[in-house]
Amino acid sequence: MSPAAHSFENAQDRIGVVAGAPRFATAELESVVAFLDELSLEIEGAIEPTAPNPYLNMSLYLLRSHAEGRVVTASSMVSAARVPYATATRKLAEMQKAGLIVQRPRSKTGKSFSLHPSDALIETWTHLADRIRRLAASKFAADASGSGSSDYYFGDSYQPGQSLIRPPRVLASPLKLAGGLRILVHGDPTFMVMDNLKRQFEQLVGTKISQRAFSIDRLRDEALRNAARPNSQYDLIAVDLPWVGEFVEKGVLRPLGSALDVERLDPSDFHTAGWRAAHWNGVPYGVPSQTTPELMFYRKDWFAEAGLEPPNTTDAVLRAAAALHDPARGRHGVAWNAARGTALGHTFMMTCADFGQPIVKLPAIAGGFDAGNLGRGDIEATIDTPRALEAAEYLMALLEFSPPDILSMSWYERMRPYAAGKVAMAYGYTLLAPYFELDPSSPAYENTGYLPHPAGPRGSPVAPVGGYVLGIPANLAEERIPDAAEALIAFTSPEAQKLYVQNGSRTVPRYSVGSDPEVRRLSPVFEAVEEMAWRDELQFWPRPPIPQISDIIQICGHEFHDMLRGLTTPRNALARAQARAEDALRQPIT
C-alpha cells in the first residue's frame, strides 16, 4: 500500500463516519422504489393467474441499479422484466423510444453499451415517490392513530417539505480518459465520502476513478511536485483555500474559463465567501468542493446544567471554560488547534480575526475586510499589533482550561476528546462534525450547539471559511482537459454535493444544497451555517490567500508554539513573527 493510501485508510479509521451502503438518490425515491419492488413481487406471488408489469419491473430495476452503481445491460433489463424474452425486448425498445432510458457505449466500437435512467424517468419517479408517500400517509393515518400513534411513517421519515435536488444523472457520453479519471485530494471526511461513492460516480461518468489522498502539508507538496512535471499525473486536484494565490502565481492551476463555460457551474449558487475565495485577481481557478467554516462547538446539556449562556464573546468562552473545567472528573473546558506548525498557524490567524485583526493589511469593508485584491504585490504584514497581542494573550489564557496534551492537538485530535465527552467546547470545522453527529454513542451526539467564532472586545463574530476547491492542473495534457472539465462540473454539482451530505459529509458549498429539506433534516449544522451566511459571518479574509501564506502559517505556527510553551513572551513572539513575515513577503515567488 502506498503512503498516501495508508494515510487515507488511517483517516477513515479515525473518523469512522460512513456506514452502510452509500445513498445515491433522494430518501423518498429510494424508499418508494424499494417498497414497490418488494410489493410487486408479493402481489405476483400471491395472485394467480398474474400478469407482471414489464414497464414497472424494468423501471424499478434500472433505478435501483443506478442507486447502487451496478452496470445495467439490455440482457439484464430483459431478465428483470419477468415476462417472456420477446415481450420484454419489445417493451424495452418502447421505453427507449419514449426517452426513459439512456444508452451509453461501453467500448470504442459501440457494440457494447450500458443502460441508465434518463432525466425524464428520474424526475417522473421522484414526483411519483412524493405522491405515493403522501397517499400512504393519508390512507393509513387513521389506522395508525387507532393504535395509539398519530404519525404514520412510510419508507423514510415523513416530514413536510419536498426535496429540491434530484439524483445525479449520467453523462450523455462517457469520459474518454486513458487510464481513467485521476484525482488528488485531502484525506478528510468529505473526500472519503467521495471515495466511498466511487463506484456510483464511475457509472455516472463512464470511466474508472483513481483518488489519492494526503494530509494537508503532503497534499501541498504533492501538488507543487506535480506542477513541475512535464504532464500532470492528475486530472483534478484539491486546493486548500489559502493556497489559491500561491498556486496561481506558481502556475499550478489553469483558469477555469480556459477549460469550461463558467456559467455552467451556476456561480450564484455557491456561498459567496467560498466562491470568492476560489478567485485570484478576479479570475476563478477552482470550484468549491467543500465550504466548511470553523465554528465553536459547545455542549448544550453542560451549559444548561451550569446555567450558562452560549459563549458569544472570548470573555464568555473563558468564563464558561473556567466553570466547566474539572480535570479531577476528566473534564476540560476547551479544545483547539495548538500543535506546532500548520495547525497552530491557522489558529493564530483565525484568532486574530476574532479580535478584528487580519494578519496582512486589508481595506475594511462591511462585514470585515476585502481579501479579493491580493495580487498587487505590496502586501504588508500586520502581526505585531495591539489587537494581535489580545489574540495571543487569549490563546495563553485558553491553556489553563485545555486538555493536558493541547500542544500536540491538531485537526482530528481536538475532536476526539469533544466527541468522547471530555471537553465542553471545541473550535472545529463543520467537516469534523461527523465525529459526534454520526455516532449515537458519543455524549455530544444531539447535544451540540454551533456558533461562529466568539468575538473579542473590538471584533465581530466571524466563521472563518475553510475547505477546498477542485481545480484543473495547468500542465494537464490538452487532450484530457475537456473530459476533466466535465468531471469537475459533475463532482461539484448540487446533485453530487447532496450525495456527499447524505453519506456523511457536513459541508455545503451551495445555497441550494443547504436549503434542501432532506439535507436540513440530517444535521442542525446546516441551518446554523445558513444563518451565519445570511448574517455575512462566513468570511475568507482571516486566512488571506496571498502567495506567501504557507510560509507565514509556518512562521506563526512555530513562534506562537514557543510562546505557549513558555519559551518566549507574547510580545516577543509577535515581534519575531512580524519580522519573519516581512522577510517572507520580500522573497520572490518561485
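As a basis for the values below, the full set of heavy atoms in this structure was taken, side chains included, without hydrogen atoms, waters or symmetry mates.
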Participant: Is it the case that atom NZ in Lys361 sees more than 12 heavy atoms from other parts of the structure closer than 6.0 Å?
Facilitator: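 It does not: Lys361 NZ has 12 such atoms or fewer within range.
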
Participant: Distance-only check: which donor-acceptor pairs under 3.5 Å involve side-chain atoms of residues 255-263, not counting sequence neighbours?
Facilitator:
residue: Ser258; atom: OG; partner: Pro255; partner atom: O; Å: 2.7
residue: Asp261; atom: OD1; partner: Glu263; partner atom: N; Å: 3.1

Participant: Please identify each residue that fulfils side-chain hydrogen bond (donor to acceptor under 3.5 Å, both in side chains) with Asp384, with sequence neighbours left out.
Facilitator: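 If we apply the side-chain hydrogen bond (donor to acceptor under 3.5 Å, both in side chains) test to Asp384, skipping adjacent residues, there are no hits.
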
Participant: When Gln578 is tested against each of Arg576, Glu582, Arg580 for side chain to side chain donor-acceptor pair (under 3.5 Å), which residue passes?
Facilitator: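 Looking at Arg576, Glu582, Arg580, the match for Gln578 under the side chain to side chain donor-acceptor pair (under 3.5 Å) is Glu582.
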
Participant: Is the closest basic N to carboxylate O distance between Arg520 and Glu530 below 4.0 Å?
Facilitator: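 No salt bridge links Arg520 with Glu530.
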
Participant: What side-chain donor-acceptor pairs closer than 3.5 Å can you find for residues 563-571, not counting sequence neighbours?
Facilitator:
residue: Thr569; atom: OG1; partner: Asn572; partner atom: N; Å: 3.1
residue: Thr569; atom: OG1; partner: Asn572; partner atom: ND2; Å: 3.3

Participant: Kindly write out the residues that satisfy side-chain hydrogen bond (donor to acceptor under 3.5 Å, both in side chains) with Ser410, not counting sequence neighbours, or none if the list is empty.
Facilitator: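 Partners of Ser410 under the side-chain hydrogen bond (donor to acceptor under 3.5 Å, both in side chains) test: Glu413.
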
Participant: Could I get the full list of ring-ring contact (aromatic ring centres under 6.0 Å, His included) partners for Phe247, not counting sequence neighbours?
Facilitator: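 Phe247: ring-ring contact (aromatic ring centres under 6.0 Å, His included) contacts with Trp243.
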
Participant: Check this for me, if you would: do Asp516 and Lys498 make a salt bridge, where the nitrogen-to-carboxylate-oxygen distance has to be below 4.0 angstrom?
Facilitator: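 Judged by the 4.0 Å cut-off on N to carboxylate O distance, Asp516 and Lys498 do form a salt bridge.
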
Participant: For the ring pair His186 and Phe214, is the centre-to-centre distance below 6.0 Å?
Facilitator: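 Centroid separation for His186 and Phe214: 6.0 Å or greater.
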
Participant: I'd like to know if Glu294 and Arg543 make a salt bridge, using a cut-off of under 4.0 Å between side-chain N and carboxylate O.
Facilitator: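 So Glu294 does not pair with Arg543 through a salt bridge.
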
Participant: To the nearest 0.5 angstrom, please state how far the NE2 atom of His271 sits from the OG1 atom of Thr507.
Facilitator: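 Reported value, rounded in 0.5 Å steps: 9.5 Å.
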
Participant: Quick test of your reading of the model: are Glu380 and Arg586 salt-bridged, counting only N-O distances below 4.0 Å?
Facilitator: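 The answer is no: the pair does not qualify as a salt bridge.
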
Participant: Do Ile481 and Glu478 come close enough that some side-chain heavy atom pair is under 4.5 Å?
Facilitator: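 The answer is yes, as the side chains (C-beta and beyond) meet within the 4.5 Å cut-off.
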
Participant: Can you list every ring-ring contact (aromatic ring centres under 6.0 Å, His included) pair that touches residues 333-375, not counting sequence neighbours?
Facilitator: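 Listed by first then second residue: His346-Trp411, Phe348-Phe560, Phe355-Tyr394, Phe369-Trp541.
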
Participant: Write out all pairs satisfying salt bridge (Lys or Arg N to Asp or Glu O under 4.0 Å) with one or both partners inside residues 389-406, taking only residues at least two apart or from two chains.
Facilitator: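 The answer is Glu390-Arg458.
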
Participant: Mind checking salt bridge (charged side-chain N to carboxylate O under 4.0 Å, His left out) for Arg387 and listing every partner two or more places apart, or none if nothing turns up?
Facilitator: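 With neighbours one apart ignored, the set is empty.
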
Participant: Side-chain contact test, heavy atoms from C-beta onward, threshold under 4.5 Å: evaluate it for Ile216 versus Asp240 and give yes or no.
Facilitator: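 Ile216 reaches Asp240 side chain to side chain.
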
Participant: Sequence neighbours excluded and cut-off under 3.5 Å, please list the side-chain donor-acceptor pairs for residues 308-320, or say none.
Facilitator:
residue: Thr313; atom: OG1; partner: Ala316; partner atom: N; Å: 3.0

Participant: Do Arg229 and Glu222 meet the salt-bridge criterion of a basic N to acidic O distance under 4.0 Å?
Facilitator: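 Here Glu222 pairs with Arg229 in a salt bridge, since their nearest N and O are under 4.0 Å apart.
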
Participant: Who are the salt bridge (charged side-chain N to carboxylate O under 4.0 Å, His left out) partners of Glu495, not counting sequence neighbours?
Facilitator: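 Result, salt bridge (charged side-chain N to carboxylate O under 4.0 Å, His left out) vs Glu495: none returned.
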
Participant: Do Tyr418 and Thr448 pair up side chain to side chain, a donor and an acceptor below 3.5 Å, judged on atom types alone?
Facilitator: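 There is such a pair (donor and acceptor under 3.5 Å, judged by atom type) between the side chains of Tyr418 and Thr448.
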
Participant: Return a table of donor-acceptor pairs under 3.5 angstrom between the side chains of residues 273-284 and protein atoms on other chains or two or more places apart.
Facilitator:
residue: Arg276; atom: NH2; partner: Asp370; partner atom: OD1; Å: 3.2
residue: His279; atom: ND1; partner: Trp275; partner atom: O; Å: 2.7
residue: Trp280; atom: NE1; partner: Glu249; partner atom: OE2; Å: 2.7

Participant: Quick one, Met296 and His453 - any side-chain contact, counting heavy atoms below 4.5 Å?
Facilitator: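 Met296 does not reach His453 side chain to side chain.
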
Participant: Going by the rule side-chain hydrogen bond (donor to acceptor under 3.5 Å, both in side chains), which residues pair with Asn337 if we only count those two or more places apart in sequence or in a different chain?
Facilitator: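 Checked Asn337 against side-chain hydrogen bond (donor to acceptor under 3.5 Å, both in side chains); matches are Arg414.
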
